[in-house]
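Below is one structure, written out as structure tokens; comments come after it.
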Amino acid sequence: MLKSMSISEDHLISLITSSTAKPHLRQIHAVLLRTSLIKSSDIFHHFLSRLALSLVPRDINYSRRVFSHRTNPTLSHCNTMIRAFSLSETPSQGFLLFSSLRRKTFPPANPLSSSFALKCCIKSRDLTGGLQIHGKIFRDGFLSDSLLLTTLMDFYSTFENSNDACKVFDEIPERDTVSYNVLMSCFLRNKRTRDVLYHFDNMIKNGSVNKPDGVTCLRALQACSSLGALDFGKQVHAFIDENGLGGALNLSNTLVSMYSRCGDMDKAYEVFGEMRERNVVSWTAMISGLAMNGFGREAIEAFEEMLKCGVSPEEQTLTGLLSACSHSGLVDEGMMFFERLKSGEFNKMKPNLHHYGCVVDLLGRARLLEKAYSLVESMEMKPDSTIWRTLLGACRVQGNVELGERVISRLIELKAEEAGDYVLLLNTYSSAGRWEKVTELRSLMKEKRIHTKPGCSAIEVEQGKVHEFIVDDVSHPRKEEIYKMLEEINQQLKIAGYVAETASELHNIESEEEKGRALTYHSEKLAIAFGILVTPPGTTIRVTKNLRTCVDCHNFAKFVSRVYDRVVIVRDRSRFHHFKDGFCSCNEFW
DNA sequence: CTAGGGTTAG
């Protein structure tokens, strides 16, 4: 009798651990109840794990029922259930279960329980609950459990508290690659991109312990993307290849995106071309990259190629495609894709806020402002501040004061107005020649204590040597040479037909007010002049700017590219401009 | 039961 029981027990366990489908598990459940084998703690554990964690699709309610029928659950049973809650749509239930451990018939918690409960708090965005758990971890003396502390770091990182996340990191007794990765994710989430690169560097230098893995490289690449750090990105790329991590699809996709966001489309194409397989994310990265760099035709070609390959687009793919059309002034094409999107041609997908944003931008650039406005009014979802801001940008380009005022009042209604919005309105007034309005708005801004961000441009001349400039910067050690260079450039450009047009653009309010200076120099002009000064002829000049570039500087760069025979690549707040032979890849100004 | 993870308007 006993012997036959034990055979069926083994048999049952192997049945349990190999099943993931609900009907299958229901049958097993029936057998367990009938034979009373459910009372065995071990079998119950296997069954619950399967049901709660491996069932596809998951059924948290079924798991909860099974768990609540257990009379004396062990800690493993409870932990499995807490983990299941952390993965479910009702993560707060997991925290409740954790809180009741040691009470009632439950055993006291161990580090694993705390770790799963923290995950519940992360998912349900329960800050107080997580802080309670941290206190309990401290009282329980679990502060030496590396796995638990790594999860705790992730908790602080989710609540944008990178300082406390770092403190926890310092306490971890045995840091492994995963703890480093969580730290890097934390920095990335909290905009501390330079810290990501610093740690990546350290991990390489430290040798064999905590060697970067695929995830580490992914994070480093994302940091390079947001910094525009092309050289560092290339180093990470080299590391990936040297360590045989290159085959991973997600890494290749991130590489394509990184090169695009650093303005190196040749390298982006190269990586994309060498990929063994490409999914919709790869195509989306490529299309968005081309869009951001002003290669609208190529983006459309890539989209069509993708359809030919039988890959279905996602929402982000259409976002990239539509933004490609707007950046390159391809109005008819853009509207055609938008119509196709609305008709449900792409998997019955409907336009989202991003899509509308692109189309508003597209119409705005095509001087179809009223059409853009009525499109916003006709949207089935509530327009967000960004949509209004896009429209405001279009008003600025055309000097449409009346609509501009309407739009800013919508932004004020939403309580979402920013300093940049007032600058846009200010420039709308000035390009329409409404100087009395300019003065009025300026004093209003002073009253409201609205401070604008000064324009700032950076240029990397030697490896890793970055020089930063602000408007009319006089702090650079070589300022005299730079200003002399600028004067010379201005003269050369004038001969070639360049006419300075500085009156309509008021980036920096403070400096505009202190009159008396004949000419002000936006930061990108200073950076470009410095680039010409210190790099050998023919070198590509790469400049990164924190704001949008203005008409005059755009024009200036076009002329520089022809007169000095240089490729000039300017990275805007939102995109790239590739200047060559007097032309720019974009169609932003005319 | 063993942490972390691809693309995304302006």
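Computed from a predicted structure; not experimentally measured. Labels below follow one simple rule: chain letters A, B, ... track the order of the sequence lines, proteins then strands, and each chain is numbered from 1.
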Report which part of the nucleic acid A/Asn352 touches: base, sugar-phosphate, or nothing (heavy-atom distance under 4.0 Å, all strands).
nothing
Base, sugar-phosphate, or nothing: which does A/Ile287 touch, judged by heavy atoms less than 4.0 Å apart?
nothing
For B/dT7, does OP1 or OP2 lie under 4.0 Å from any side-chain N or O of A/Gln222?
yes
Residue-phosphate contact under 4.0 Å: A/Ser146 side-chain N/O, B/dT2 OP1/OP2:
no
For B/dG10, take OP1 and OP2 only and decide whether either is under 4.0 Å from a side-chain N or O of A/His327.
yes
Assign A/Phe116 to base, sugar-phosphate, or nothing according to its heavy-atom contacts below 4.0 angstrom with the strands shown.
base
Gap between atoms CE and P, on A/Met306 and B/dT7 respectively (whole Å)
17 Å
Look at A/Ser326 and B/dG10 and indicate whether a side-chain polar atom (N or O) is within less than 4.0 Å of OP1 or OP2.
yes
Closest to the A/Arg219 side chain: B/dA9, B/dT7, B/dG6?
B/dG6
Answer with base, sugar-phosphate or nothing: what part of the nucleic acid does A/Leu249 contact at a heavy-atom distance below 4.0 Å?
base
Have a look at A/Val215 and say if it touches a base, only the backbone sugar-phosphate, or nothing, with a 4.0 Å heavy-atom cut-off.
base
Examine B/dT8: is either OP1 or OP2 under 4.0 Å from a nitrogen or oxygen in the side chain of A/Arg261? Give yes or no.
yes
What contact category does A/Leu218 fall into here, base, sugar-phosphate, or nothing, at under 4.0 angstrom with non-hydrogen atoms?
sugar-phosphate
Remember a base hit wins even if backbone is also touched, and classify A/Arg389 as base, sugar-phosphate or nothing at under 4.0 Å, heavy atoms.
nothing
